[in-house]
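So the structure is just underneath, and the comments pick up after that.
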Number of protein chains: 2
Amino acid sequence: MADVAAMAGVSHQTVSRVLNDHPNVRAGTRDQVLDAIRKLGYRRNRAARALATSHSSTIGILTIGSEFFGPQSTVLAIEAAARAQGYFVTVTALDRYDAYSASEALNHLVDQGVEGVVMVAPFEKVIEALDDAGLTIPVVVVAARTNVPDADPAHYVYVDQREGARQATGHLLSLGHRKIAHVSGPTGWFDATERQIGWQEKMLEAKAPIIEVPAESWQAQSGYEAGKRLVDSVRAGEVSAVFAANDYLATGVLRAFWEADLEVPTDVSVIGFDDLQISNFLIPSLTTVRQPFRDVGHAALTELLDGATADKTPKVIVPTLVIRASTAPPKSS
Amino acid sequence: MADVAAMAGVSHQTVSRVLNDHPNVRAGTRDQVLDAIRKLGYRRNRAARALATSHSSTIGILTIGSEFFGPQSTVLAIEAAARAQGYFVTVTALDRYDAYSASEALNHLVDQGVEGVVMVAPFEKVIEALDDAGLTIPVVVVAARTNVPDADPAHYVYVDQREGARQATGHLLSLGHRKIAHVSGPTGWFDATERQIGWQEKMLEAKAPIIEVPAESWQAQSGYEAGKRLVDSVRAGEVSAVFAANDYLATGVLRAFWEADLEVPTDVSVIGFDDLQISNFLIPSLTTVRQPFRDVGHAALTELLDGATADKTPKVIVPTLVIRASTAPPKSS
DNA sequence: CGATGCAATGTTAGCGCTAACATTTTGTGA
DNA sequence: TCACAAAATGTTAGCGCTAACATTGCATCG
């Protein structure tokens, strides 16, 4: 900076003023300074700036360390939005989904000096770690948490999973199904819980039977195993439709039914959740619930930056049902 | 820090020494200091530290802004490895895949003060932007680039795409196929080019015909369109197997063949590339080439941190063929 | 034409830490 | 017991920037 000042024939403070768009700088002076900056290829030292202003212009994202479609899309959207606002983004992924890993990760971010944190980790234990962390910086949580403690200072942004599950179940009910099994997501995940509740609510409203097959993970493998367990029930006419907690699970279910020579949707309907890129190209193409992850990412960043506003109401985004070929009216038996 | 020093009854410099594991500190003093740190909940200010040491302990990752399986897995692996080494990671995603976006993104990272950059963006234009950027910090590129200029100071780490394509093609040839069409990836991507070359090399060696159907994107939609264009050739016996440039494309191809009542693998074999989580559960389960992205991430970080070593030989990681149910010997016609 | 006021620029201090050197304490051997 | 070295601790300066105040330049008006 001193070099730039010398070259432009001004004081370092004037250079600083130019850099910070201070109004009281003559146009001619400004040009000289900018010229010198260009000629010298000068870049401001961010550490010094952060030290002097006590602003790091950095936000932290804590996410889960797996290749899940939803969190990943959300993280990308947050990053893009943050960059547009002149913020830097530091990402930390969790090794394991427990409170210890989570507080380690949070520490890592706080050590880094972030001004705020977005947690894209819809796993219960992880979010609970936050309640104990006692952070003094703004926090936005992207998770459909319903039992938020009053004392929790975090802001919440999420897609209404329960509503999505109600849409999916409602679609099957309106087709005439009543024996709708739910392949539920793994325990500990908000999304799994909410989807299960939405399905169950709708089923109880319709006075339909509750048939739940829990999956051990979100992976297709678990869906496949759940599907195999459902084959006999389908054959026996005890299940005419399956609502899988996400599209990976649905893919596994489709596969299991195919292996058992059960035709979808003739013998049994299948519906998923997420709308992956490939869901339209599965055999048959998958009816599912689409989540607008980009919107979630944007909303999360907005919430973080405008966090001063006292409005702590969760920002809820509504998913949409995408009807394709894996659902049809039940066989008239 | 001054508070800690006062509480422990030492000078701030002694606190600094404790924090930096300096050897010349008496055990008792160290304990007092650590105690004071704990009691006060003191955290070092990273900006000040960075300013004093001129080390930011931050590395930048530049990646593409889409939900692709490979880059995402690689980024996660790099982040985990970096954190284990005490580094912070700043991620920037590209809005568009052109040189301008790329240099903007690089500037963003350099402004942030990163000590090194890993580019996980196997797109030609993006990498070319790097050659002009004239960065003075270490750079590792994760991309199967073959025409690296001598002057290019970057280190390269990648999975041998060409070899993977040769494995895939070789597998089909050894099953007895000769009319193997390639649904090639979009132009501008190193991976697409390399896979195309690997396939072509192997086909020329076998004196087999070159039938290529270019896809416009990496998405299943493009694979579907390519598959539809191949249906007639398959029916006419002009194509007995398809090597799709990735598993999304392969999914689309499978779907197109299914719609046309072509059975896989009886009527036509299909092979993909990447080994997605769901590839084993497609109908039929997909033979594909698995890429060890975790290894790539680790190798990239190692290369970045040990970059001082003069050895600029690219680190090449070999993929493995995963044989499943979508490939079989051709119909004896 | 000089007083006045504001715009433009300069000067000084300090953000919180570490490096380098200065000083004090401790331990050792003759 | 004292000199001496080595270990332990303290003191000072400065990393590169911005905030706050000080000064200068310049236009305006009676």
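The chains referred to below are lettered A, B, ... by the order of the sequence lines, with proteins before strands, and numbering in each begins at 1.
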*asked:* If the condition is side chain to side chain contact (heavy atoms under 4.5 Å, CB included), which residues does B/Ser217 pass it with, not counting sequence neighbours?
replied: B/Gln219, B/Ser222

*Identify whether any heavy atom of A/Thr14 sits under 4.0 Å from a base atom; if not, whether one sits that close to sugar-phosphate; answer base, sugar-phosphate or nothing.*
sugar-phosphate

_What does the B/S/- profile of nucleotides 14-27 of chain C look like, 5' to 3', with a 4.0 Å heavy-atom cutoff to protein?_
-BBBBBB-------

*Who passes ring-ring contact (aromatic ring centres under 6.0 Å, His included) against A/Tyr87, sequence neighbours left out?*
none

_Atom-to-atom span, NE2 of A/His22 to C1' of C/dT9 - whole angstrom_ = 10 Å

*asked:* With each end axis built from five pairs of C1' atoms, what bend angle do you get for the helix from C/dC1-D/dG30 to C/dA30-D/dT1? Round to 10°.
replied: 40°

*Passing option when A/Thr58 is tested against A/Arg46, A/Glu115, A/Gln112 for side chain to side chain donor-acceptor pair (under 3.5 Å)*: A/Arg46

Would you be so kind as to tabulate the donor-acceptor pairs closer than 3.5 Å made by side chains of residues 22-37 of chain B, with sequence neighbours excluded?
{"from": "B/Arg30", "atom 1": "NH2", "to": "B/Val25", "atom 2": "O", "distance (Å)": "3.3"}
{"from": "B/Asp35", "atom 1": "OD1", "to": "B/Arg38", "atom 2": "NH1", "distance (Å)": "3.2"}
{"from": "B/Asp35", "atom 1": "OD2", "to": "B/Lys39", "atom 2": "NZ", "distance (Å)": "3.0"}

_Under the side-chain contact (heavy atoms from CB on, under 4.5 Å) test against B/Leu301, which residue among B/Val140, B/Val296, B/Ile78 passes?_
B/Ile78

*By ring-ring contact (aromatic ring centres under 6.0 Å, His included), which residues pair with A/Tyr158, not counting sequence neighbours?*
none

*Can you tell me if A/Gln72 and B/Glu67 form a side-chain donor-acceptor pair at under 3.5 Å?*
no

*Should the ring pair A/Tyr97 and A/Phe123 be called parallel, tilted or perpendicular, given that the plane angle runs from 0 to 90° and is split at 30 and 60?*
tilted

